[in-house]
Asks: 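Mind looking over this structure? Questions follow.
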Amino acid sequence: MAIHSSSNQDDSNKRAMPSYFNLPPLDVSNAFPQATPASVFPPCASDYFQFDDLLTPEEQAVRKKVRECMEKEIAPVMTEYWEKAKFPFQCIPKLAALRLAGGTIKVFFVLLSSFYSQGYGCPGLSILGSAVGTAEVARVDASCSTFILVHSSLAMLTIALCGSEAQKQKYLPSLAQFQTIGCWGLTEPDYGSDASALKTTATKVEGGWILDGQKRWIGNSTFADILVIFARNTSTNQINGYLIFILTFIV
Ligand SMILES: Cc1cc2nc3c(=O)[nH]c(=O)nc-3n(C[C@H](O)[C@H](O)[C@H](O)COP(=O)(O)OP(=O)(O)OC[C@H]3O[C@@H](n4cnc5c(N)ncnc54)[C@H](O)[C@@H]3O)c2cc1C
């Protein structure tokens with residue numbers, strides 16, 4: 001029996017990786033013929049907890065619309081993208097049409113009395129309606145719901161809660177339509193929950209800021225247009241959020 005030292009093992013792992021990644025995508029129906037195809041979902045025929053009674057007609061309509069789209073339009077293509085380890089950009093227009101992004105974001109008005117209203121191109125859903133819609137996405141594909149949650153609940157909601165009125169008007173409408181994609185960068189290699197200890201710095205320079213540091217686990221970051229990045233302001237020593245808008249030039 002050959003005994004490999006750990007460095008030999010590392011070398012052979014490195015040599016093996018490229019050949020593995022060059023293989024064609026696995027055809028799941030050949031590899032696991034006994035598996036239920038990922039595109040087939042059992043119907044939701046029961047309501048043991050009488051959950052329906054808790055939903056308004058509008059919330060029930062959101063759930064029905066999202067469920068139908070996820071089962072019929074999204075499920076059939078997701079397995080292929082899982083196997084290729086690629087993002088299904090072709091699904092974005094279908095997800096946009098569900099009107100879930102920025103679900104609960106509303107505008108605060110003060111006229112004769114103060115009230116909240118639909119605004120910034122967001123659908124103005126109730127908290128329950130937004131949650132039910134996202135749960136229907138996750139029922140079919142958890143990664144798809146992570147994509148929407150990072151975009152909507154992290155990036156968009158941070159802009160809605162902490163951004164200036166000008167930033168909300170500038171960024172939220174296109175994010176609500178998925179014409180731009182958002183990401184939210186807080187976590188670092190050494191800090192996650194302990195957000196007050198972040199090491200990434202933001203230094204004011206003429207004409208802008210220099211952000212310097214490392215981030216990890218940032219969903220959507222490889223293709224996002226609008227990045228919300230948390231960093232330590234070197235002038236005040238406080239952690240602030242910074243908005244970065246990536247301009248893409250197609251040559
Ligand atoms: C699928 C996925 C997507 C993600 N997407 C993003 C993203 O888009 N943007 C982003 O910024 N981050 C993202 N993250 C990172 C995630 O938010 C971090 O994992 C989180 O911030 C925790 O940080 P950590 O991993 O460093 O864990 P740690 O902070 O090291 O925590 C480790 C454990 O200790 C516990 N713990 C920590 N502090 C305390 C305390 N004071 N008291 C009691 N218990 C404590 C935690 O609950 C946890 O169980 C993502 C993570 C995953 C898994």
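In each ligand, atom 1 is the first atom listed, and ligand 1 is the first ligand listed.
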Asks: Is at least one protein non-hydrogen atom found at under 4.0 angstrom from atom 44 (N) of ligand 1?
Replies: no
Asks: Heavy atom under 4.0 Å from ligand 1: found in Val150's side chain, backbone, both, or neither?
Replies: side chain
Asks: Is atom 50 (C) of ligand 1 close to the protein, meaning a heavy atom under 4.0 Å from it?
Replies: yes
Asks: Say whether Arg216, considering both its backbone and side-chain N or O atoms, lies within less than 3.5 Å of an N or O atom on ligand 1.
Replies: no
Asks: Could you check whether atom 19 (O) of ligand 1 has a protein contact, counting only heavy atoms that fall below 4.0 angstrom?
Replies: no
Asks: Determine whether any protein heavy atom is located less than 4.0 Å from atom 53 (C) of ligand 1.
Replies: yes
Asks: Please determine whether side-chain hydrogen bond (donor to acceptor under 3.5 Å, both in side chains) holds for the pair Asn220 and Thr222, giving the CA-CA distance in whole Å, both sets of side-chain angles, and the decisive distance to 0.1 Å.
Replies: CA-CA 6 Å; Asn220 306 352; Thr222 49; over 6 Å; no
Asks: Could an N or O of ligand 1 be found under 3.5 Å from any N or O of Leu186, whether backbone or side chain?
Replies: yes
Asks: Examine distances only and state if a side-chain atom of Gln60 and a backbone atom of Asp52 form a donor-acceptor pair shorter than 3.5 Å.
Replies: yes
Asks: Under a 3.5 Å distance rule, please check whether Lys65 uses its side chain to pair with a backbone N or O of Leu98 as donor and acceptor.
Replies: yes
Asks: For Lys64 and Glu59, indicate whether the former's side chain and the latter's backbone hold a donor-acceptor pair under 3.5 Å.
Replies: no
Asks: Protein heavy atom under 4.0 angstrom of atom 41 (N) of ligand 1, is there one?
Replies: no
Asks: For atom 5 (N) of ligand 1, state which one of Phe230, Phe147, Trp217 supplies the nearest heavy atom.
Replies: Trp217
Asks: Within the structure provided, determine whether Lys215 and Ser221 are in side-chain contact (heavy-atom separation under 4.5 Å).
Replies: no
Asks: What protein heavy atom lies closest to atom 17 (O) of ligand 1? Include the residue and the distance to one decimal.
Replies: Thr187 OG1, 3.7 Å
Asks: Considering Gly182, Gly219, Cys183 one by one, which has a heavy atom nearer to atom 8 (O) of ligand 1 than any of the others?
Replies: Gly219
Asks: Hey, what's the ring geometry for Trp184 with Phe230, parallel, tilted or perpendicular (30° and 60° as the breaks)?
Replies: perpendicular
Asks: Should one rank Ala197, Gly192, Ala224 by closest heavy-atom distance to atom 24 (P) of ligand 1, which comes out on top?
Replies: Gly192
Asks: Using the side-chain contact (heavy atoms from CB on, under 4.5 Å) rule, pick out the option among Leu227, Ile244, Thr203, Thr201 that qualifies with Leu211.
Replies: Ile244
Asks: For atom 38 (N) of ligand 1, what is the nearest protein heavy atom, given as residue, atom name and distance?
Replies: Ser193 CB, 3.8 Å
Asks: Suppose we measure from atom 9 (N) of ligand 1 to each protein heavy atom; which comes out shortest, and what is that distance?
Replies: Trp184 O, 2.8 Å
Asks: Taking the six-membered ring for Trp and the single ring otherwise, decide whether the centroids of Phe87 and Phe223 are under 6.0 Å apart.
Replies: yes
Asks: Specify whether the nearest protein heavy atom to atom 28 (P) of ligand 1 is under 4.0 angstrom away.
Replies: yes
Asks: Can the ring centres of Phe147 and Phe178 be said to be less than 6.0 Å apart?
Replies: yes
Asks: For the side chain of Ser130 and the backbone of Ser126, is there at least one donor-acceptor N/O pair under 3.5 Å apart?
Replies: no
Asks: Would atom 34 (O) of ligand 1 count as contacted, meaning some protein heavy atom under 4.0 Å?
Replies: no
Asks: Is the shortest side-chain N to carboxylate O distance from Glu71 to Arg139 below 4.0 Å?
Replies: yes
Asks: Does atom 15 (C) of ligand 1 have a protein heavy-atom neighbour under 4.0 Å away?
Replies: yes
Asks: For ligand 1, is Ile218 a contact, meaning one of its heavy atoms is under 4.0 Å away?
Replies: yes
